[in-house]
Amino acid sequence: MKMILGKKIGMTQIFSEAGEVIPVTVIEAGPEVVTQVKTVETDGYNAVQIGFEDQKPQRVNKPMTGHFEKAGVAPKKYLAEFRVEEGETYEVGQVITVADFEVGKKLDVTGTSKGKGTQGNIKRHGHHRGPMSHGSKHKRLAGALAAGTYPSRVFKGNKGPGRMGRETVTVQNVELVKVIEDRNLMLVKGAVPGVKGGLVRIQYAVKGQ
């Protein structure tokens, strides 16, 4: 299991050796350091905590300062924990870079989707609109939500207007097209969730290798 944190830079396109255009997302990932190793004996499960992007010491509170001092690493702005299988070995202070990832492998990328604010049922759920003719009072409304006699109420979970986006989304089995080690960049095929500059979690695909 390989894992790393990164920032979404944006999208572009590259050409394959056969001349095909490949849309890719550019992600700046690492270098990162292992800040804690959890085991079944000490914590009840196996996991690795990694830190990404240096943080100013004055911006770190006392508990986290002690956490980083215990690990012997510089304060980090972002921390993330990844579950690992039994037998996988990591050490505190170990550095993880994009060079650890193999081109051509499938990845699972998790990020926070773009926030759309409050939206109507048409944009949010893809519902159909009503007649758009003059005098129509049902153009982009939600329509009937429940019968009047029974049940005389709206069922829980009914799809309607509300806040859209800003949710944790994972895209599975995206291909790692290229790695640029000297600039800590990963180029993955297609789109990944989030805004430019958004934090993403990357690991080898669970299902698609």
Strictly distance-based, threshold 3.5 Å: is any side-chain N or O of Lys8 a donor or acceptor partner for the main-chain N or O of Val192?
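Yes; judged by distance alone, with no hydrogens or angles, the pair exists.
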
Arg166 side-chain N/O to Lys116 backbone N/O, donor-acceptor pair under 3.5 Å
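Answer holds: no.
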
Could you go through Tyr204 and Glu102, starting from their C-alpha distance and side-chain angles, then the distance that decides it, and tell me whether this counts as side chain to side chain contact (heavy atoms under 4.5 Å, CB included)?
CA-CA 10 Å; Tyr204 275 164; Glu102 182 180 345; 3.7 Å; yes

What do the steps show when you test Lys189 against Val174 for side chain to side chain contact (heavy atoms under 4.5 Å, CB included), and what is the final call?
CA-CA 6 Å; Lys189 187 175 182 179; Val174 294; 5.6 Å; no

What are the two closest non-hydrogen atoms of [X] and [Y], and how far apart are they?
X	Y	result
Pro23	Met11	CB-CE, 4.5 Å
Ala80	Arg201	CB-NH1, 3.7 Å
Ala147	Tyr150	CB-O, 3.0 Å
Pro31	Asn184	CD-ND2, 3.4 Å
Val73	Gly93	CG1-CA, 4.3 Å
Met64	Asn61	N-OD1, 3.0 Å

Looking at side-chain heavy atoms only, is the closest gap between [X] and [Y] below 4.5 Å?
X	Y	value
Met186	Ile4	yes
Lys105	Lys2	no
Ile22	Phe15	no
Phe52	Leu199	yes
Val33	Phe68	no

Roughly how far apart are [X] [atom1] and [Y] [atom2], rounded to 0.5 Å?
X	Y	atom1	atom2	answer
Asn173	Lys106	CG	NZ	6.5 Å
Lys114	Glu167	NZ	CD	15.5 Å
Lys62	Glu69	NZ	CD	11.5 Å
Arg140	His127	CZ	NE2	12.5 Å
Arg129	His138	CZ	NE2	10.5 Å
Thr110	Gln203	OG1	CD	6.5 Å

Above 12 or not: heavy atoms from other molecules or residues under 6.0 Å from [atom1] of [X]?
X	atom1	result
Lys139	NZ	yes
Lys178	NZ	no
Glu91	CD	no

Would you kindly confirm whether [X] and [Y] end up in one hydrophobic cluster when ILVMFWY residues are joined by side chain heavy atoms under 4.5 Å apart?
X	Y	result
Met164	Ile122	no
Val103	Val188	yes
Val84	Val37	yes
Ile9	Leu107	no
Leu187	Val98	no

side-chain contact (heavy atoms from CB on, under 4.5 Å) partner of Pro193, the single match among Val169, Thr170, Val200, Thr112
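So, applying the side-chain contact (heavy atoms from CB on, under 4.5 Å) to Pro193 and each of Val169, Thr170, Val200, Thr112, only Val169 qualifies.
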
Can you list every pair that meets side-chain hydrogen bond (donor to acceptor under 3.5 Å, both in side chains) and has a residue in residues 14-27, with sequence neighbours left out?
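The answer is none; no pair qualifies.
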
Can you tell whether the side chains of Asp54 and Lys76 come within less than 4.0 Å, N to carboxylate O?
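Lys76 and Asp54: salt-bridged.
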
Quick one: do Glu53 and Leu5 satisfy side chain to side chain contact (heavy atoms under 4.5 Å, CB included)? Show the steps, please.
CA-CA 9 Å; Glu53 194 170 313; Leu5 288 176; over 6 Å; no

Could you check Leu185 against Ile27 for side chain to side chain contact (heavy atoms under 4.5 Å, CB included), going step by step and ending with a plain yes or no?
CA-CA 6 Å; Leu185 297 180; Ile27 301 174; over 6 Å; no

According to side-chain hydrogen bond (donor to acceptor under 3.5 Å, both in side chains), who are the partners of Gln49, at least two apart in sequence or on a separate chain?
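side-chain hydrogen bond (donor to acceptor under 3.5 Å, both in side chains) check on Gln49 returns Thr35, His67.
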
Going by atom types alone, do Ser136 and Ser133 pair a side-chain donor with an acceptor below 3.5 Å?
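No, Ser133 and Ser136 have no side-chain donor paired with an acceptor closer than 3.5 Å.
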
